[in-house]
Every structure is written in C-alpha cells, then in structure tokens.
Amino acid sequence: MASISSLGIGSGVLTSDLVDQLVAAERRPTEVRLDQRTERTEALISAYGKLRSAVTELRLPMRQLGSADAMKSFSATSSGSNIDVSVDASKASRGSYSLDVKSLAQSQALASRDVFADRDATSVGRGTMTLQVGDKTTNITIDSSNDTLQGLANAINEANAGVSAGVIDTGNGFQLVLSADETGEANAVNISVSEEGAAPGLSRFAFDTADPENMDGMRQTIAASDAVMEINGVEIRRATNTIENVVDGLTFNITGEGKSTIKVEQDTAAVAERVQAFVDKFNELQGTIRELSSFDSETGQGSILTGDSTVRNIQNQLKRVLTDIIPGLENASVRSLADVGIGTDFRTGELQFDSQKFQQQLRENPDDVTALFAEQGRTSDSQVEFVRSGSNTRPGDYSINVTQMATRGSLNYSVPNTADAIQVQADNSFTFRVDGETTATVSIAAGDYSGEDFAAAIQTALRENTALSAAGRSVQVAYDATEGLTFTSNRFGSDSNVSLTGLSNVTGLNTATATAGQDVQGTINGQTAQGDGQVLFLANSAGGDAAGLQVRITGGDVGNRGSVKFIEGVSERAVDTITSILGADGALSSRTDALNRDLERIQEDRIKLDLRVESYQARLVAQFSAADSLISQLNNTRDYVTQQLAALAPNRQKD
C-alpha cells in the first residue's frame, strides 16, 4: 500500500491534504458532541461542588447552636475598680453579689539582718541550707564554690525551691533578700541550716515562720497572707488574688481592698448574634441555589441547575427541618422557629430574623427556647439530670430505674474523742493517693490535735495543694465522734478511692479502713444500662429508641426515678440532615459520582472515536492509493497512445 506521503503523485488530486480534510470532517460531529458533553458535565460537577460548599458552611453555625450552653450568655459588671470579674457562660446564672475585700494575698519577703562588706568576696558560711515552701523541701549545699552572698543567692535561684533570691546594695553594704514565688500563707518560707564550722555562718539566714521575731536569723519584711473577701457576708480565704470556685461561673481578680457589687445578667443580644450567624449562612446558601438554578423568563435562559431534582430535594429537606414543630414541644410556649422571630420570605426562600422578638422569648421562656435549638432532656425527678444523647437516640419519654446508687471512695481512721488524739511532730508529711492517679503530699503545723481540729487543718492543706488542683481532684476531710476521721474523694464510681501512702512524724492515726467507690446501676427504658460514676447510660449500639442516652443520678434512693423526655432541637436535626446530604450516600455525592462516571464514559467514547477515525483514515489511504495507481496507469496509457499517434502523423502527411 502506498504511503500517505506519496498520495496524489499519479492523479494530483487524491492528496494527503484531502485525506486529512475528509478525516477531520468525519471526526468533527462526534468530537463536538463529546466536547459539549464534557463541558456540561464538568460545569455540573463544579456547580454541585459550589452547592456542597454552601451546605457545608451552614453546618458549623447550626452545630454551635446545638448545645444548651449556646443559649446562655452572661455578662458581669462591678461597681468598684478593685475587682475584675470574668464569666463562664456555661456555668453562670443571673444574680447580684456584695463583695468586701478585706485584704490581698501577698508573697512573703525576707531580708538578712547582717550587712556584708562584699557580695562576691565575703564568706557567708558553709553547710546545708534547707528551704521548705508549702509541701516542697529543697536542700542547698554551700561550699567553697559558692561561699559568698552572691553565690548563695545564685544557688537558691538555681534550686527552683519556690523562692527567689537577690542581693541589694544598701549603700553601707550588701544584704540578701528572699521572696516566695507564690502568694498565700501556705507558701510561707521556713529556712533551717546545718553548719560546717563555727557560727555565725549560715545560721544568719535561718527563719521560722512560726517565730518571725527571732533576732538570730532573717528578718521578715512582708508577711505571707491570704486574700480575704466576704461574699454576701460569707468570708472566703484564698492563697491568690484570683478567686475561683466560689460562685459558679465567676472568677474574681481582686486588686485592692474595698466594697463592690457584682451584677450578673443574661446577655440575650450575644445569643441573638449566634442565631444571626446561622440565618446569614442559610441565606448565603439560598443565594447560591438561586445563582445555580434560576430561570430568566425574559431571555428564556436557565442556569446550570435549573429544574434540578437534587437541588429541590435539598431545599425540601432543610425546609422541613426549619419549619416543622419540634416533637416534644407541641404544647410549649415556643414550638418552632417562627415563634422566636425566624420566618421565611416566600419570594426568595431566605430567612428573616426578628432579633428583638427572639430576645424577648429567650428572657420569658429560656427553657423552651433552649429546647427549640439544642438537645434537651427534661426529667421528672429533680435529682436525675440529663447528660447527653447519642447519635441513635430518638425523641421520646424514657423511664429510669436505679438499682444501686453511686458512692465515693473513702479512707477512715478510728480516732478517740480527746483533745490530744493525734500528735503531729515537726517535719511531718502526709502523702495521699487519690483515685489511683494523683499523689499529693502536705504538712501541717506541729502540735497535739483533736480529731475535729486535725480535720480542719489537713482540709486546708489539701485544698491548697497544687497537685490536686491541677488534676481537678479534691479530698473532703470530716470528723465524727462515732465514725472517726474520714477522707473522701470528690469523685464517684469504681475508680474513686483514697489511700495514705506516706505518713511521717505523726502518731494517733492507725487501723485504717479503705472503701472503694461504686458506680450507679439501673435501667433506662427497661434496658439494662451501664454505670460510670453517677452517670447511667446506654451504649449507642444498645439498640432501641433510647440507645446512647445518658443521665446523672445525683441523689435520692434506688427504685423508680421517673422519666426523661428527650427533645431533639432544630440544630441537631439540621446538622443530621446536612450530614446526610453531604455523606457518601447523600444526594450530592451520588450525583457527583454519577457525573464523574459520565466523564469516564466520555473519555472511553473519545478513545473509540480515535480508533474509528484511525481505521477510516487507513481505508481512505488504501482507497486513494489504489485509485491513484489506476489513474497513473491510465495516464501512462494515455501518454503512450499520444506518442504513437504523434509518430503516425508524419507518415500520413507523406501519403
């Protein structure tokens, strides 16, 4: 077969350019159709991607409204400049509090009585200095490497003992000054020394907080003190000037003495702003839908998703969620979004928000407005609290029955009811192990204690312990003439326990009895539930309408404890709907997957087109080559005949 590059040699007509033109004409109709299909399919994928983004953007503000705390917002004001107050909206409540700051917490400060001639040359003595700050004891060795005033100060600072040291120039010599790193009486500094060599040496730096006027050691320039404040006439003492856990949700930062009035009020405008954020995102979604699916009646042109069933399905799903009456609120003062000022503009489908109406309803019906947006459990027993639902929990009423109450772990000592029942020596320590995880070592002043006085002293030490505070744990100490001395964990459940793992320089505490806590047990909706401390719950995989439901039993007796009505608000319902729309089996994913498969089929059609055109081209080349060869032969015959006729012409002329 002749090469395509040799076409036209015989005829001058059946050239390769003609083949290319015929091949292009054959390819073009199908290629144009495939290009149009590709362009539309990619445009649809892009449109669905834009719609997906708009739907996704709506999920966050809806989720933020889905917790009961979202409907709570409080602000606090202080009448005095000596107190700043911050608010945790999830815990605070409306109220007014009279505060009277009696004194601020201070760090203890000490100064050496002796003045030294040189900070870097004068010897201060050698031996061991022991610093005790709170429940921390640090030993510092003073030898030839640091036997100067500056060397001593550096050694104290490097020891991280809870004390900072410095050297000051008085003009007449140098003095050592110390200050506790933390405020509060519990962080007062005690300094004892063990001398090497003759006095006076390191003994000049000894200090006993219990005997601050001792003229042989350091001089106290500022006494360690707690912050003392009265709240509505009740005295509160804390080691720092930041006072927490006194009034739920409020933290007081005191800067000076004096009286102030703190008012905590509900900030409904802040809640309305959260609702407005949801309304704005929903309206942005509606704008995106209009852009993608509108129809121009004047031009007769529609948008890429005009009349699309997927878009209508999404709109209908969201419309049902946002306009339906919430199950469980049928007889409430607030039943749907329309009742709190959120209506729909029938022309655009956008939401309209009446902030003032919303705030009024929130003030007048806070419980119903909370249930409208967030999930809520309403219990018939005041000592049964709704905790949360699971992804499989359905709205409804569910019975609660308790067969075992939760208890807290404790440690008990039998202590005689005498004034000197417990003897505490100097350098005492008590090391507690709480809930099997947290270790706390404390000490108290030496002396003979009755059970009641000992309980009060050790309770103060435990309350100020940083290890317990950091772990969110505490121990309650109580004394009873019959029961003796009892240490009780603040947590409930089988992991709750208290043990005294270390005890030194104390007598009178013996024959301890430890009791571990236990979890609550019972049923929810007739199904056997699990217990975790005070929380009674069904696993999310338990099956039934109450699966995933959790309640807390805070008190009362075993037996029938009434019921909990679970209400699923608009936010949770909307989040579930949006998640379904965006899910792998949702409408958007299904439609996008189908379009991607269309692109794959279009690509397959392009490959088939290439093969068909290639075959068509080969046929044309073969046909043109055969025709060109035939024309070439005919041309040769023509030329031969012409030559023969030309040769005969002269002979005819002679005749």
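Quantities reported herein were computed from a predicted structural model and do not represent experimental measurements.
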So that I know where these two stand, are Phe353 and Phe358 an aromatic pair - ring centroids less than 6.0 Å apart?
yes
So, [X] and [Y], do they make that salt bridge, N to O below 4.0 Å?
| X | Y | value |
| --- | --- | --- |
| Arg63 | Glu572 | no |
| Arg597 | Glu600 | no |
| Arg473 | Glu437 | yes |
| Glu244 | Arg238 | no |
| Asp35 | Arg606 | yes |
| Asp605 | Arg33 | no |
| Glu265 | Arg94 | no |
| Arg378 | Asp367 | yes |
| Glu350 | Arg290 | yes |

Does NZ or CZ of Arg591 fall inside the cone over Tyr48's six-membered ring, less than 6.0 Å from its centre and within 45° of the axis?
no
Testing the 3.5 Å rule here: is there a donor-acceptor pair between the side chains of [X] and [Y]?
| X | Y | answer |
| --- | --- | --- |
| Ser589 | Arg52 | yes |
| Ser494 | Asp519 | yes |
| Ser355 | Gln359 | yes |
| Thr554 | Gln383 | no |

Short question: side chain of [X], backbone of [Y] - any donor-acceptor pair under 3.5 Å?
| X | Y | answer |
| --- | --- | --- |
| Asp545 | Thr393 | no |
| Gln527 | Gly543 | yes |
| Ser79 | Thr261 | yes |
| Ser615 | Leu611 | no |
| Ser496 | Arg491 | yes |
| Glu57 | Val55 | no |
| Gln361 | Asp339 | yes |

Crowded around [X] [atom1]? As in, over 12 foreign heavy atoms under 6.0 Å?
| X | atom1 | value |
| --- | --- | --- |
| Asp280 | CG | yes |
| Arg40 | CZ | no |
| Asn316 | CG | yes |
| Glu182 | CD | no |
| Glu39 | CD | no |

Can you find a heavy atom in the side chain of Met71 that is under 4.5 Å from one in the side chain of Leu65?
yes
For the atom pair [atom1] ([X]) and [atom2] ([Y]), what is the distance rounded to the nearest 0.5 Å?
| X | Y | atom1 | atom2 | result |
| --- | --- | --- | --- | --- |
| Ser571 | Arg274 | OG | CZ | 12.0 Å |
| Lys281 | Arg59 | NZ | CZ | 13.5 Å |
| Leu329 | Asp368 | CG | CG | 6.0 Å |

The single option from Asn283, Leu60, Val570, Leu322 that satisfies side chain to side chain contact (heavy atoms under 4.5 Å, CB included) with Phe278 is Leu322
When Val311 is tested against each of Asn313, Ile314, Asp308 for side chain to side chain contact (heavy atoms under 4.5 Å, CB included), which residue passes?
Asp308
Between Thr242 and the options Asp84, Asn253, Thr251, the side-chain hydrogen bond (donor to acceptor under 3.5 Å, both in side chains) test singles out Asn253
Residues Ser336, Asp324; criterion side chain to side chain donor-acceptor pair (under 3.5 Å); working and verdict
CA-CA 6 Å; Ser336 67; Asp324 285 355; over 6 Å; no
What verdict does the side-chain contact (heavy atoms from CB on, under 4.5 Å) test give for Thr323 and Leu337, after you've listed the backbone C-alpha separation in whole Å, the side-chain angles of each residue and the deciding distance to 0.1 Å?
CA-CA 7 Å; Thr323 58; Leu337 292 181; over 6 Å; no
CA sep, side-chain torsions, deciding dist, call: Ile289, Gln315, side-chain contact (heavy atoms from CB on, under 4.5 Å)
CA-CA 9 Å; Ile289 290 175; Gln315 285 182 302; 3.4 Å; yes
